[in-house]
Amino acid sequence: MADPIVYVEQRIAAAFAKVAGAKADGIDTAVRSSDRADAQVNGSIALAKAMGLTPRDVATKVLEVADLKDICSDAQVAGPGFINLTFQNEFLARELMSSSASEKLGVRNATKPRKIVIDYSAPNVAKEMHVGHLRSTVIGDALVRMLMFVGNTVVRENHVGDWGTPFGMLIEHLVDLGETHAANELSVGDLDSFYRSARKKFDESEQFQARARARVVLLQGGDAETLRLWKLLVAESTRYFQMIYRTLGVLLEDTDIMGESAYNNLLPQVVERLGKLKMLTTSDGAEVVFAEGFVNRENQPLPLIIRKTDGGYNYATSDLACVIDRVERLNADLLLYVVGAPQAQHLQMVAAVSKQAGWLNSSREMVHVSFGNVLGADKKMLKTRSGETVKLDALLTESVERAAAAVAEKNPELSDVAKAKIARTVGIGAVKYADLSTDRIKDYTFDWDRMLSFDGNTAPYLQYAHARICSIFRRANVERASVRSFEPVISHTAERELAMRVLQFDSALWDTIDKYSPHRLCTYLYELATSFSSFYEQCPVLKAETDAERTSRLMLCDLTARVMQAGLNVLGIEAPEQM
RNA sequence: GCGCUCGUAGCUUAAUGGAUAGAGCAUCUGACUACGGAUCAGAAGGUUGGCGGUUCAAGUCCGUCCGAGCGCGCCA
């Protein structure tokens, strides 16, 4: 326990229960941070009516019962019935020590650790990764890291698009080019042109279309030679994905790939099981499930197509197979899908059918971690086939280059090796942070300048705060660990503000996890950095007035840096010691 | 047509139903020979798309209208 608000909340809740008894049930007695005091309680107003008292009377009683004298220097009923709390500096100091002593910096572990399968990134074989994949990859990876941080078991799954009708055309194109030539073309990372040429042939030549269709049949029938060619495509693409992932610094590995093809042999089983459950209906020649509450344009029930008229399966079948696999083989109790908002209805239908079939229930659920569309400067969807796609590796390269220019300007004395390393850390961090720091649900306007700007609420600003602290310790020639158990003395306002902020890491991270919204942690870290910068201006550390004050401030600096580093780390962003 | 999402300062945005809507960018005014100026302090900038409702309290919930985007049977 380190967050004073979390701590006082328990006492307040108990006090409310004592004062109001059962009437307090369902009343929000949460304690929140406030700009009028350290914390604010506001359940009294809601309770007043039920108790036949004025809100201020309720608040006064609660305050009497809670008896917060040992931790609060001030506790007052204010306004219509709020309780404003001010914590004692000694209490904050104790909490800082508790946080400093804990490996997880005061963050509570999950009370019930879960097994969580998280589906993210999902690029397509033989296609370039673009900004849409950036969102899924970066958001998904941040969630993986924070869910693991609080003690969950997390399984990463990269649902790569490696199966289906386009592969007929891609394989035939590969055959036309010759394997060596095709491999060369694919290995230079120019996947889009490969895909486009195949597409062009497909659109222009009926003969090619026929070949492509025949090839799909061979592929799905397991023809050895076709599979060999298919694997060639997959292998080249996988190498390309891994290159991007390594550059991006995400956790995804080859072994996390569970492409559509991986579920191929489960597909007949899906049909069989749905059939046994009497959920299948034949409609227009296709085998479908009608999930309740979904209608089409004509207000007719909207089906989930399990088996097409031609006997083939499609992505709904494969997604259902996924659910079965994740629940039954992996024994997951939470399935997260970090997938764009346009898939919302599809995923709802998959969830509805899975529930109806009994694969999912209230303790095994799937959650769509949806994110907004990526828009161009014209505020229109960035389309994949328009040819105007921003390629991910080009984006990352440019970001690192811009960061390199900044490093060269600010720190010309650093070695070339150090400069290059910092440029990568800063450049990649900036891109990831730009993606993570706004509410994922909203549409996202792609903007080079904003993404690569190093001012304001950006990764470099947070990294800079961290680097400055490291610099203080370098100059002081003091081991970071040596100040960690020192009990700090809080006197200056800026010091106190920073202390309060540091202690909120726990609630900020949990708030982020509860909503699967990384931008909340970003906001917290930005505020932490702001508080530190302000402290840094106002409170000399190395030239503090006394040794005790100096050590106290060093302790606070160390803890701030550790929280910053841990916070950036769960976002998948590195915190350099110099920049 | 039906459904989902979004609409906050010039721009980019934050805000569990809580008091005076909080930041950054841009603009303007200031600041150290103290630990890194990729900084800090301050000013100005808002009828939270409109109207109505629920509530002690609404940017937030409900209704309605306007605007934008996405989805809606065999592509994934």
Side-chain angles (χ1 to χ4, degrees), chain A residues 28 30 32 34-36 40 42-43 45-46 48-49 55 78-82 84 122 124 159 161 163-166 260 283-288 293-300 302-310 312-316 318-319 340-346 348 370 372-373 375 379-381 403 406-407 409-411 426 434 437-439 441-443 445 447 449-450 453-458 460-461 463-465 467-476 511 514-515 519-520 522-523 526-527 530 533-534 536-544 550 553-554 557 578-579:
Chain A
D28 179 13
R32 283 154 200 171
S34 157
D35 53 353
R36 300 179 177 236
Q40 173 185 88
N42 50 35
I45 311 175
K49 199 178 267 181
F82 299 107
N84 286 340
N124 292 308
H159 198 64
W163 205 245
T165 45
E260 285 157 22
S283 170
D284 293 342
E287 304 225 53
V288 309
F294 296 93
V295 294
N296 66 11
R297 271 176 240 267
E298 285 75 42
N299 222 25
Q300 300 297 311
L302 179 67
L304 198 59
I305 294 176
I306 305 300
R307 194 160 200 190
K308 300 186 286 187
T309 308
D310 67 4
Y313 307 101
N314 72 358
Y315 77 133
S318 146
D319 282 343
Q343 303 273 356
Q345 191 183 45
H346 168 71
Q348 272 171 30
S370 167
N373 299 311
L375 308 178
K379 299 284 177 195
K380 290 194 173 157
M381 266 278 269
V407 177
E409 186 199 322
K410 318 263 182 203
N411 277 313
V426 172
S437 59
T438 62
D439 193 353
I441 205 71
K442 296 186 181 172
D443 284 351
T445 305
D447 179 350
D449 289 337
R450 189 169 59 106
S453 155
F454 300 149
D455 297 315
N457 184 9
T458 62
Y461 180 77
Q463 290 170 325
Y464 183 60
R468 274 174 144 184
I469 296 175
C470 294
S471 170
I472 291 175
F473 278 93
R474 271 197 306 275
R475 277 191 168 256
D511 184 39
D514 287 342
K515 298 185 170 64
H519 81 281
R520 289 179 169 264
C522 293
T523 302
Y526 177 61
E527 287 166 348
T530 305
S533 297
S534 183
Y536 183 87
E537 293 289 325
Q538 298 175 56
C539 302
V541 177
L542 298 181
K543 298 196 175 163
R550 178 182 143 113
R553 286 180 177 168
L554 281 171
C557 282
Q578 264 186 304
M579 61 183 280

From the set B/rG73, B/rC40, B/rA76, return the single nucleotide nearest to any side-chain atom of A/Pro303.
B/rG73

With sequence neighbours left out, what residues match A/Ala48 under side chain to side chain contact (heavy atoms under 4.5 Å, CB included)?
A/Pro55, A/Val58

Just to verify, what does A/Lys410 make a side chain to side chain contact (heavy atoms under 4.5 Å, CB included) with, not counting sequence neighbours?
none

In chain order, what residues pass the ring-ring contact (aromatic ring centres under 6.0 Å, His included) check against A/His519, with sequence neighbours excluded?
none

Give each protein N/O atom lying under 3.5 Å from an N/O atom of nucleotides 32-35 of chain B, with the pair distance.
from, atom 1, to, atom 2, distance (Å)
B/rC35, O3', A/Arg475, NE, 3.2
B/rC35, O2, A/Val541, N, 3.1
B/rC35, O2, A/Leu542, N, 2.9
B/rC35, N3, A/Val541, N, 3.0
B/rC35, N4, A/Tyr536, O, 2.4
B/rC35, N4, A/Cys539, O, 3.3

Can you name the side chain to side chain donor-acceptor pair (under 3.5 Å) partners of A/Lys515, sequence neighbours left out?
A/Asp511

Short N/O separations, protein against nucleotides 4-7 of chain B, under 3.5 angstrom:
from, atom 1, to, atom 2, distance (Å)
B/rG7, OP1, A/Lys442, NZ, 3.1

In this structure, which stretches of RNA chain B are paired as stems of three or more consecutive Watson-Crick or G-U pairs, both distances less than 3.5 Å?
B:1-7 with B:66-72, B:10-13 with B:22-25, B:27-31 with B:39-43, B:49-53 with B:61-65

Quick one: side chain to side chain donor-acceptor pair (under 3.5 Å) partners of A/Gln538, sequence neighbours excluded?
A/Ser534

If the condition is ring-ring contact (aromatic ring centres under 6.0 Å, His included), which residues does A/Tyr315 pass it with, not counting sequence neighbours?
A/His346

Report the residues that fulfil side chain to side chain contact (heavy atoms under 4.5 Å, CB included) with A/Glu409, sequence neighbours left out, ordered by chain and then residue number.
none

Does a nitrogen or oxygen in the side chain of A/Tyr461 sit under 4.0 Å from OP1 or OP2 of B/rC40?
yes

Donor-acceptor pair (no angle test) under 3.5 Å: A/Ser283 side chain, B/rG73 base
yes

Residues in side chain to side chain donor-acceptor pair (under 3.5 Å) contact with A/Ser533, at least two apart in sequence or another chain
A/Tyr461

Across all chains, not counting sequence neighbours, the side chain to side chain donor-acceptor pair (under 3.5 Å) partners of A/Arg475 are none

